[in-house]
Amino acid sequence: MPYKLFFLLLIAASLLSGCGRVTTNAAATPDEPQSRTSASTTENEPAPAPPVPADPNKKVYLTFDDGPNSHYTGLVLDILKRYNVKATFVVIGSNVEKNPAVLQRILDEGHNLVNHTYSHDYKIIYASPQAFLADLEKCNNAIGKTGHEAKIYRAPGGPSKMEKSYYDYLSRYGYKSLEWNVSSADSDPRGVSPEQIINNVKNGVIQMEKAGRPPIILMHDGTEININVENPGAAVQNYIKSRESDIAALPVIIEFLQARGYTFAGVDANTPSAW
Ligand SMILES: [Zn+2]
């Protein structure tokens, strides 16, 4: 029962204010049985072979925000490993400090990192461009113990929170922004079902194909939250529901992308802008 794990700390900032653009509205009924896919039923079985060969010129970027999380990041990594696909983890420095072994596993298994600030606290990072830079560098100090650094960043709350002066200031210090163009809408505070996530991603990918852009897909592996409490509130329950939905949806999303011939790439300096 994954709910019984001992999560630590602090949900408020990234949970209640969300982390990305939320575009879905429907919420599953509370008693609806959670859909299960191959993620939970065939964990040790090899993934099916891709139905079409991957086209090296047709890239897709899977990105997972707000970890490393002591529980969900590992489940995401298990699925990526089973399908032998690469992804990018958009990490929060304070969570890096809580879960250094998870960060190391991300790197050991060949995935890429993006800087999501140390605090993910809007009051801190949006105080000024200088404060934002300091929080990015604090995150890099946490990552630095692995010998890596992340000069590509994703703004907590999304680009709409950033004024141009921030981009300009950060670019002077070598920081490049990463946005997204396909949202799973998995940060809806009402919680989302696997089907909602799958549909949001499929529709978004098809739109990007029409627009001729490589899909950069936003999902969440999650921040550390304290669910080891007597009566977790609705916000916490919905947050957990959404992370479980992410895990259930991910194999379906990967198989959808493989069927369309995508190559799974990690975000790096050569990744094209989302828009
Ligand atoms: Zn975030």
Side-chain angles (χ1 to χ4, degrees), residues 2 35-91 96 99-114 143 146-148 150 152 154 178 180-182 184 186 194 197-198 200-202 204-206 208-209 213-222 243-272 274:
S35 295
R36 291 295 173 189
T37 68
S38 51
S40 55
T41 54
T42 59
E43 199 166 295
N44 297 318
E45 291 175 20
V52 297
D55 177 350
N57 296 316
K58 189 175 179 183
K59 288 184 178 161
V60 63
Y61 301 87
L62 288 174
T63 67
F64 297 92
D65 282 20
D66 293 356
N69 177 287
S70 57
H71 178 58
Y72 291 109
T73 304
L75 298 181
V76 170
L77 287 167
D78 289 345
I79 295 166
L80 298 174
K81 189 185 223 175
R82 194 153 62 84
Y83 285 91
N84 191 28
V85 298
K86 201 171 197 183
T88 300
F89 289 83
V90 182
V91 297
V96 166
N99 299 302
V102 183
L103 183 81
Q104 193 60 55
R105 185 180 163 198
I106 290 171
L107 293 166
D108 288 348
E109 296 185 4
H111 305 293
N112 289 20
L113 297 181
V114 161
I143 293 170
T146 62
H148 288 73
I152 299 173
R154 175 174 277 160
L178 173 73
W180 64 88
N181 53 30
V182 176
S184 64
D186 64 350
I197 291 172
I198 292 163
N200 289 333
V201 170
K202 284 183 176 178
V205 166
I206 290 166
M208 284 307 107
E209 288 178 356
R213 301 207 71 85
I216 302 176
I217 300 173
L218 172 66
M219 297 181 72
H220 288 79
D221 53 338
R243 297 294 75 72
E244 295 286 326
S245 294
D246 281 315
I247 299 304
L250 184 55
V252 181
I253 290 169
I254 291 173
E255 289 178 23
F256 168 78
L257 294 165
Q258 286 180 328
R260 298 176 89 81
Y262 279 102
T263 293
F264 293 76
V267 169
D268 60 22
N270 298 319
T271 300

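Residues N99 and S70 share a closest heavy-atom pair of OD1-CB, 3.4 Å. In plain terms, the two heavy atoms of R82 and A47 that are nearest each other are O-CB, 3.4 Å. When all heavy atoms of P214 and N181 are compared, the closest pair comes out as O-ND2, 3.1 Å. Of all the heavy atoms in A87 and L80, the pair that sits closest is CB-CD1, 3.7 Å. Across A259 and P51, no two heavy atoms sit closer than the pair CA-CG, 3.6 Å. Listed here is the closest heavy atom pair of A54 and P56: O-CD, 3.5 Å.
The line from NE2 of H148 to CD of Q104 is 8.0 Å long, rounded to the nearest 0.5 Å. Taking CG of L113 as the reference point, atom CG of D268 lies at 12.5 Å (rounded to 0.5 Å). Taking CD1 from I79 and CD1 from I247, the interatomic distance works out to 5.0 Å, rounded to the nearest 0.5 Å. If you take OG1 on T73 and CG on D221, they are separated by 3.5 Å, rounding to the nearest 0.5 Å.
Not a single donor-acceptor pair under 3.5 Å links the side chain of T263 to the backbone N or O of K59. Without hydrogens or angle criteria, N200 side chain to S184 main chain gives a donor-acceptor distance under 3.5 Å. Judged purely by atom type and a 3.5 angstrom limit, R154 has no side-chain atom pairing as donor or acceptor with the backbone of V91. In this structure, the side chain of N112 engages the main chain of V267 through a donor-acceptor pair within 3.5 Å.
Using a 4.5 Å heavy-atom cutoff, the side chains of V114 and T63 are not in contact. Side-chain contact check for I254 versus L62: some heavy-atom pair is nearer than 4.5 Å. Under the 4.5 Å side-chain criterion, counting only non-hydrogen atoms from C-beta, I217 is in contact with L257. Residues D246 and L250 are not in side-chain contact: their nearest non-hydrogen atoms beyond the backbone lie 4.5 Å or more apart. Side-chain contact check for Y83 versus P48: some heavy-atom pair is nearer than 4.5 Å. Here the side chains of V182 and V60 are not in contact, with every heavy-atom distance at 4.5 Å or above.
Using a 30° and 60° split on the angle between ring planes, F64 and F89 fall in the parallel class, below 30°.
Remark: K58 is positioned above the aromatic ring of Y262, its terminal NZ or CZ atom under 6.0 angstrom from the ring centre and at most 45 degrees off the axis.
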Evaluation steps, side chain to side chain contact (heavy atoms under 4.5 Å, CB included), between V96 and T146: CA-CA 11 Å; V96 166; T146 62; over 6 Å; no
Derivation of the side chain to side chain contact (heavy atoms under 4.5 Å, CB included) call for I253 and V205: CA-CA 10 Å; I253 290 169; V205 166; over 6 Å; no
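A salt bridge links R105 and D78; the closest N-O separation between the charged side-chain nitrogens and carboxylate oxygens is under 4.0 Å.
Looking at H220, E244, R243 one by one, the single match for side chain to side chain donor-acceptor pair (under 3.5 Å) with Y72 turns out to be E244.
Other residues, nucleotides and ligands contribute only 12 or fewer heavy atoms inside 6.0 Å of the CG atom of N84.
Judged as a salt bridge (Lys or Arg N to Asp or Glu O under 4.0 Å), and not counting sequence neighbours, R213 has no contacts.
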